[in-house]
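Excluded from the calculations below are hydrogen atoms, water molecules and symmetry mates; all remaining heavy atoms, backbone and side chain alike, are included. So you know, we letter chains A, B, ... as the sequences are listed, proteins then strands, and number each from 1.
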There are 4 protein chains.
Amino acid sequence: MIDRSRGAALIADTGRGNEAAILNAALEAFGNSGFNGASMRDVARGAGTSLSNLYNYFPSKSRLLAEVLRHANTELYARVVRAVEDAGDAASPRMRDAVRAYVGFVVDHQVAMLVSASEVRYLQGPDRERLVAERDDTQSLIEQIVAQGVESGEFRTPYPADAARSILSLCAAIATWYRPDGRLSRGQLAEQHARYALALVEAPLPRHD
Amino acid sequence: MIDRSRGAALIADTGRGNEAAILNAALEAFGNSGFNGASMRDVARGAGTSLSNLYNYFPSKSRLLAEVLRHANTELYARVVRAVEDAGDAASPRMRDAVRAYVGFVVDHQVAMLVSASEVRYLQGPDRERLVAERDDTQSLIEQIVAQGVESGEFRTPYPADAARSILSLCAAIATWYRPDGRLSRGQLAEQHARYALALVEAPLPRHD
Amino acid sequence: MIDRSRGAALIADTGRGNEAAILNAALEAFGNSGFNGASMRDVARGAGTSLSNLYNYFPSKSRLLAEVLRHANTELYARVVRAVEDAGDAASPRMRDAVRAYVGFVVDHQVAMLVSASEVRYLQGPDRERLVAERDDTQSLIEQIVAQGVESGEFRTPYPADAARSILSLCAAIATWYRPDGRLSRGQLAEQHARYALALVEAPLPRHD
Amino acid sequence: MIDRSRGAALIADTGRGNEAAILNAALEAFGNSGFNGASMRDVARGAGTSLSNLYNYFPSKSRLLAEVLRHANTELYARVVRAVEDAGDAASPRMRDAVRAYVGFVVDHQVAMLVSASEVRYLQGPDRERLVAERDDTQSLIEQIVAQGVESGEFRTPYPADAARSILSLCAAIATWYRPDGRLSRGQLAEQHARYALALVEAPLPRHD
DNA sequence: AATGAATGAGAGTTCATTCAT
DNA sequence: CATGAATGAACTCTCATTCAT
């Protein structure tokens with residue numbers, strides 16, 4: 001059985017010495033204290049290496065953040081793409097599975113989601129632009145599903161241009177309150193938000209019991 | 001006519017010297033750079049006073065943040081309460097007006113909303129607890145409306161316990177992307193999100209043109 | 001009697017707290033270890049204050065160096081100007097007294113002369129340009145005397161355009177080897193270099209005994 | 001035809017792998033940034049090798065500086081010795097040719113001259129003493145010429161003990177301002193300084209046109 | 001209420017150097 | 001001989017906060 005516990009590290013071994021340990025420690029530190037509140041010393045401690053050694057891997061704290069966020073985005077995007085591809089052709093199941101995948105990522109990598117949402121602002125220049133572009137890729141996937149559903153008549157939302165953003169806001173917000181020991185299981189959360197998504201685009205909702 | 005422009009300061013004169021200027025400067029600084037990224041020097045500069053004078057008004061940076069957030073929350077809560085009170089007895093119009101008010105606050109005080117959402121985490125102890133409690137007050141208002149609507153049969157959501165949180169997440173997220181010169185006006189945004197809210201609770205939606 | 005001892009600080013009280021102490025400590029530190037070899041901690045220790053307090057007076061190490069050099073240049077220039085003004089109209093005595101004054105400065109503020117000569121290179125931008133311009137002012141004074149002497153026929157050098165620079169090089173070089181307990185007294189050194197200067201411009205030299 | 005261009009590296013191949021490249025890169029780095037301002041990484045980059053490989057050739061940054069300076073001094077001394085030996089027996093032509101050779105070195109290896117003059121101070125212990133001794137050898141050569149000229153009556157300076165140092169100061173100072181595209185050619189500069197030298201020792205000067 | 005000077009702690013980053021390979 | 005990874009010390013500079021005035 002796949003380990004979906006919170007401790008599953010976002011970044012697997014990269015084949016370059018301590019790189020993965022540093023990235024994961026950075027993610028944890030930025031998650032705990034925010035980008036500006038976390039120090040490179042914190043990251044080093046978390047990675048079990050020396051402060052100065054961090055700079056053999058990443059030239060600056062900013063670039064370290066950028067790399068962490070890039071890994072998070074890549075994984076998120078990959079999950080959603082895969083889910084959409086496996087979901088057949090109709091808009092509703094595609095939306096449902098895309099949202100399930102997105103929510104799954106949020107739950108599996110809650111800290112990564114939080115850091116992604118709140119610390120991108122501390123990037124500047126090309127690092128920031130790249131990140132924003134990558135994030136837009138994910139949103140575009142959802143936008144296409146909405147457009148498809150509206151065209152096919154499955155979705156009747158009067159706001160087709162805005163619905164995707166709202167859906168993703170809703171899913172991303174899970175990271176701000178989710179607790180693994182909470183009332184809802186991972187699966188229930190995914191179901192719930194899939195239904196929210198369909199409700200937002202004003203698709204016919206299945207009966208519930 | 002009321003000034004709803006973005007520049008409208010959140011905190012009006014408090015009758016105590018530079019206090020309002022300091023609070024507004026702090027809001028701006030925390031908004032620009034985050035709590036840990038903004039320095040007391042930044043705040044002092046923004047307020048047009050000296051660094052050390054800040055400490056005649058607030059004993060610490062944390063307390064300064066706490067006060068800023070308290071003002072934001074108070075204003076937000078007040079707006080929503082007033083809207084609900086003025087909205088009659090039925091759940092749907094109450095929800096619609098509550099959301100309109102909430103969105104109005106987000107648009108009028110975008111920075112305050114952003115700071116509220118992202119910097120509470122840097123508070124600790126009683127300051128934090130008070131803030132969270134105040135925020136819960138606002139959410140409780142919405143939860144009551146949802147409960148009322150479910151009971152009356154207007155709302156058919158299978159997730160009555162979670163819908164309020166989702167609605168507020170959606171409204172708060174506006175602050176992360178809204179631009180005054182964007183495609184949607186303040187009023188349109190409020191309408192849109194009112195409809196989102198009703199969709200989420202699975203109320204019958206009015207036809208749209 | 002005027003104190004011409006080596007310990008006479010270059011910078012007298014500036015009327016602003018520890019400023020003079022910091023400047024003099026910086027001069028000493030830069031003199032001992034060079035600009036890059038001296039640390040701000042060294043300066044702070046020498047000035048009897050804390051490291052961070054340095055930054056209440058000077059915004060950066062570079063600016064601190066710039067200010068030190070500015071004080072040195074100003075004092076040197078003032079001495080030479082005064083000497084020339086008091087020396088009457090003929091080129092030879094003007095040259096002699098200018099050189100005497102310059103040598104006097106080198107002996108009185110040997111470290112300042114050394115730092116001036118060797119650490120300007122670590123300045124950049126406007127600070128550097130200003131310093132170079134100020135230094136050129138002093139050299140221009142000498143160049144004018146040379147030109148005057150050449151025109152009057154007192155000086156017969158075939159290199160009127162270059163002689164001034166050479167004379168000043170010679171005087172400045174004293175700082176690289178002078179020891180207060182050396183063979184030559186301050187006055188003898190001044191005489192010697194005055195004669196060097198006249199020799200370089202090929203003026204008739206007085207008999208010596 | 002001998003390449004006297006500025007780009008002519010001071011240190012030719014030493015027959016030991018990258019040694020010459022490292023020494024020349026060190027010279028350049030120390031010239032650009034000073035001993036304390038240049039890093040071993042700078043040197044490695046300039047030499048096209050890895051940082052750690054430097055330590056296969058030189059045990060420390062200090063020793064690297066010492067070796068660079070030793071090469072410079074050796075070359076300078078050799079040039080002056082050869083010139084004096086080839087100049088016949090009379091003091092005046094010997095002085096003239098010695099100065100010409102010295103100036104030639106300064107022009108050919110301006111950076112080496114600058115580094116020699118300003119960075120010896122960062123050496124300590126035996127390295128420093130050896131360097132100073134080697135430098136004194138060159139000065140002694142000039143001192144002997146002065147003594148010879150004074151004894152023969154060619155030179156009438158009242159400061160026979162100090163003239164040599166002044167002459168060398170003058171020549172070395174060229175390195176601080178010389179630009180290959182300047183007003184004076186290499187040969188003219190040599191002539192000029194030869195005349196300066198004779199003027200300083202108060203030898204009869206040839207007429208000039 | 002208001003200021004400028006002061007401070008200790010800590011920030012990000014670079015350093016010369018070492019070591020295993 | 002050559003390398004990349006590693007390290008402890010040190011760097012310049014900024015921080016929140018205090019205090020005397």
Is it the case that the side chain of [X] and the backbone of [Y] share a donor-acceptor pair, with hydrogens and angles ignored and the cut-off at 3.5 Å?
X: A/Q110; Y: A/A175; answer: yes
X: C/Y57; Y: C/N18; answer: yes
X: C/K61; Y: C/S39; answer: no
X: A/E134; Y: A/N73; answer: no

Is any side-chain heavy atom of [X] less than 4.5 Å from a side-chain heavy atom of [Y]?
X: B/E67; Y: B/R63; result: yes
X: C/F58; Y: C/E19; result: yes
X: B/L123; Y: B/V132; result: no

Open item on the list: For DNA chain E, which residues of residues 35-64 of chain C approach it to below 4.0 angstrom with any heavy atom?
Closed with: C/R41, C/T49, C/S50, C/S52, C/N53, C/N56, C/Y57

Open item on the list: Looking at C/N18, I'd like to know whether one of its side-chain N or O atoms comes within less than 4.0 Å of OP1 or OP2 on E/dA5.
Closed with: no

Open item on the list: Counting only side-chain nitrogens and oxygens, does B/R16 get under 4.0 Å of the OP1 or OP2 atom of E/dA1?
Closed with: yes

Task: Closest non-hydrogen atom pair, D/A29 against D/A38 - done: O-CB, 3.6 Å

- [ ] With pairs defined as Watson-Crick or G-U wobble and both distances under 3.5 angstrom, please note down DNA chain F as a dot-bracket string, | for pairing with another strand.
- [x] .||||||||||||||||||||

